[in-house]
Amino acid sequence: MALARAEKLSFSYPGSSAPALRDVSTDLVPGQVTLVLGPSGSGKSTLLRAFAGLVPHFHGGVFSGRVEVAGLDTRRHGPARLAGTVATLFQDPEDQVVFTRVLNEVAFGLENVGTPAQEIEARALDALAWVGAEHLAGRLVTELSGGELQRVCLAATLALEPKLLLFDEPTSQLDPEAAESLVELALRLARDRGTAVLLSEQRPALPLEVCDRVLFLDRGRLAFDGPVGQAQAWLEEHHPLFVSAGGDVGVHHHQFGEVTSRLDAVSYAYEDHLLVLDRASLELRRGEVVALVGPNGSGKTTLAKLAAGLLEPLGGRVQRRGRATYLSQDPGRYVFHERADEEVAVGVDGDLAAASRALAAVGLSGYEDRHPRDLSSGERERLALAAVLAPEPDLLVLDEPTRGVDPERKHELAALLRANTARATLVVTHDRAFATAVADRIVSLEPDRELVHA
């Protein structure tokens, strides 16, 4: 018997001319892991929000059809009533955090659903242990890496022991080992607790190995709904990049130009006084694409910010030549204008023609008059990429640029980055397939280890 059901669900966000979902009917079964795939902007996150009751209660908009969860019609019962039955790990963990300390953050949801006070701390610590983050219990939330924060939000979600667990790109900021653990965790929850799991992903290779069923959304419509065995064949025919490593994107360069950024034995520590980097060195040359990988919390983002000039090292030396631009992990938090072209034009003195060219380069031609907050997460990521490409920097630094980006767009992004030999490019990523496709060199921040790809 289905735990949750959508019947002829259609939904449009306020002010949007195109529906995010169109006549979608599907159900979710206890003990089953369902994977939802689709291009950026196809409606995956909206479907998860509908099962959480956030659509339409939080977002407003035009809603038709019916969504039912555990016998409750979501048109009459909103997120507060569904709390404890449904739990969601959102795409942007930064927007999910309330407290400054990790343990308090995980305990917060338990307090909200009336868990006895004497049980709260033990359940919160158990949840942190489930995701391998018990060592973070006393840390400041503001000083965690993106991947560490994602684990904390996951622990807060699991602590509620929900019947329906909604994962919106949960591995987007996790290193490969942590991503594998999370997918295994989803499977264990389904098998051991009978939890219904709905998982949206843009790195589908791993979840395709363990899920029971696949949904594929395209422009808001449900294009495929079936068991994983049939899904593999359907994807190979209709969307092969969703089941491949990404394919070749062109010849890798072997001769590079002048150094645009050199970091020599740099060290750095944040306010909690933990040393994030200890005598790390890196050299970036014009025409070279370097991928920076490593476990969550290993200092990748810190090293990238030092290279771009956003941080100054506590020790060591950084040399830069020319202009650097930096794409952050969560670019949607830094929106200043109401039009996409005006947002991109910030770094080029308001030149809207240059902004339009940059938007076209990332596949957003025709989006000039769209409000940035009306775009999907993947579309906002590409908008932010256009903004850092438009100034034509000497050093381009991208921190997790494939977060929220579907496999087909990743292939296009790799080709775009490889095509420009006038700049140095540093890509921080947990997406190993993307790193292999795009990089001349892969550098790992794991101790005493550097991987080279030519």
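Note: hydrogens, waters and symmetry copies are ignored here, and every other heavy atom, side chains too, is used.
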Item checked: Qualifying residues under ring-ring contact (aromatic ring centres under 6.0 Å, His included), relative to F242, sequence neighbours excluded -> F216, H239

Checklist line | Exam field: side chain E368 to backbone G366, donor-acceptor pair closer than 3.5 Å | finding: yes

Notebook entry, point to check: When rounded to the nearest 0.5 angstrom, what is the spacing between OH in Y268 and NZ in K305?
Noted result: 8.5 Å

Item checked: Test side-chain contact (heavy atoms from CB on, under 4.5 Å) applied to L164 and T85, T195, L28, the passing residue -> L28

Notebook entry, point to check: With a 4.5 Å heavy-atom cut-off, do V55 and V67 have their side chains touching?
Noted result: no

Item checked: V293 side chain reached by S444 side chain, heavy atoms, under 4.5 Å -> yes

Next item on the list: Can you see which heavy atom on P207 is nearest to which on L35, and at what distance?
Entry: CB-CD1, 4.0 Å

Notebook entry, point to check: With sequence neighbours left out, what residues match R409 under side chain to side chain donor-acceptor pair (under 3.5 Å)?
Noted result: E412

Notebook entry, point to check: Under 3.5 Å, side chain of R49 to main-chain N/O of L54, donor-acceptor pair present?
Noted result: no

Margin query: Check this for me: does any side-chain nitrogen of one of R441 and E288 sit under 4.0 Å from a carboxylate oxygen of the other?
Written below: yes

Checklist line | Closest approach of M1 to V29 (non-hydrogen atoms, all atoms of both residues) | finding: O-CG1, 4.3 Å

Note to self: Between Y13 and T46, is there a side-chain heavy-atom distance shorter than 4.5 Å?
What the structure shows: yes

Next item on the list: Walk me through it: do N296 and H430 pass the test side-chain contact (heavy atoms from CB on, under 4.5 Å)?
Entry: CA-CA 9 Å; N296 293 126; H430 287 303; 3.0 Å; yes

Check: Is K44 reaching over with its side chain to a backbone N or O of L217, donor-acceptor style, under 3.5 angstrom?
Finding: no

Check: Say you draw a straight line from CZ of R286 to CG of N420; how long is it, rounded to the nearest 0.5 Å?
Finding: 9.5 Å

Check: Is the side chain of R403 donor-acceptor paired with the backbone N or O of Q329 at a distance under 3.5 Å, no angle test?
Finding: yes

Check: Would you say R219 has more than 12 foreign heavy atoms packed within less than 6.0 Å of its CZ?
Finding: no

Check: If you measure from CD on E68 to CZ on F51, what distance do you get to the nearest 0.5 Å?
Finding: 10.5 Å

Check: Would T425 and L396 satisfy side-chain contact (heavy atoms from CB on, under 4.5 Å), going step by step from the backbone distance to the final call?
Finding: CA-CA 5 Å; T425 302; L396 176 66; 4.2 Å; yes

Notebook entry, point to check: Does F434 reach the side chain of V405, with side-chain heavy atoms less than 4.5 Å apart?
Noted result: no

Note to self: Once rounded to the nearest 0.5 Å, what's the spacing between atom CZ of R370 and atom CG of L375?
What the structure shows: 5.0 Å

Next item on the list: Show your reasoning for whether side-chain contact (heavy atoms from CB on, under 4.5 Å) applies to L426 and L282.
Entry: CA-CA 10 Å; L426 177 64; L282 180 66; 4.2 Å; yes

Checklist line | Any side-chain heavy-atom pair of V266 and L303 under 4.5 Å | finding: yes

Margin query: For L136 versus E148, what's the shortest heavy-atom pair and its separation?
Written below: CD1-CB, 3.9 Å

Check: Can you name the closest pair of heavy atoms from A439 and R418 and give their distance?
Finding: C-NH1, 4.2 Å

Checklist line | Option among L222, L48, D168, V214 that satisfies the side-chain contact (heavy atoms from CB on, under 4.5 Å) test with V36 | finding: L48

Check: Is the number of heavy atoms from other residues, nucleotides or ligands within 6.0 Å of CD (E392) greater than 12?
Finding: no

Checklist line | side-chain hydrogen bond (donor to acceptor under 3.5 Å, both in side chains) between T325 and R423, intermediate numbers included | finding: CA-CA 11 Å; T325 58; R423 63 171 178 250; over 6 Å; no

Check: Is any side-chain heavy atom of T34 less than 4.5 Å from a side-chain heavy atom of C211?
Finding: no

Check: If you measure from the Lys or Arg side-chain nitrogens to the Asp or Glu carboxylate oxygens, is any gap between R213 and D225 under 4.0 Å?
Finding: yes

Notebook entry, point to check: Which atom pair, heavy atoms only, marks the closest approach of R101 to G138?
Noted result: NH1-O, 2.5 Å

Check: Just by distance, with hydrogens left out, do D394 and T260 show a side-chain donor and acceptor under 3.5 Å apart?
Finding: no

Next item on the list: Ignoring hydrogens and angles, tell me if any N or O in the side chain of E381 forms a donor-acceptor pair with the backbone of T402 under 3.5 Å.
Entry: no

Note to self: Y270 vs T142, test: side-chain hydrogen bond (donor to acceptor under 3.5 Å, both in side chains). Steps then yes/no.
What the structure shows: CA-CA 10 Å; Y270 288 100; T142 53; over 6 Å; no

Next item on the list: Output yes when a side-chain donor or acceptor of D406 lies under 3.5 Å from a complementary backbone atom of G38, and no otherwise.
Entry: no

Check: Taking all atoms of both residues into account, what is the closest heavy-atom pair of G132 and R151, and its distance?
Finding: O-NH1, 3.5 Å

Next item on the list: Measure the shortest side-chain to side-chain distance between L165 and L158 over non-hydrogen atoms and say whether it is less than 4.5 angstrom.
Entry: yes

Notebook entry, point to check: Is there a donor-acceptor contact under 3.5 Å from the side chain of H337 to the main chain of P372?
Noted result: no

Note to self: Assess the residue pair V141 and F99 against the criterion (side-chain contact (heavy atoms from CB on, under 4.5 Å)); give the C-alpha distance rounded to whole Å, side-chain angles, the decisive distance to 0.1 Å, and a yes or no.
What the structure shows: CA-CA 7 Å; V141 168; F99 286 90; 5.8 Å; no

Next item on the list: With the side chain counted from C-beta on, respond yes when K410 and R203 share a heavy-atom pair under 4.5 Å apart, and no when they do not.
Entry: yes

Next item on the list: Measure the spacing between CG of L125 and CD of E134 and express it to the nearest 0.5 Å.
Entry: 9.0 Å

Next item on the list: Starting at OG of S10, measure out to CZ of F63 and round the result to the nearest 0.5 Å.
Entry: 9.0 Å

Item checked: K163 side chain vs G194 backbone, donor-acceptor pair below 3.5 Å -> no

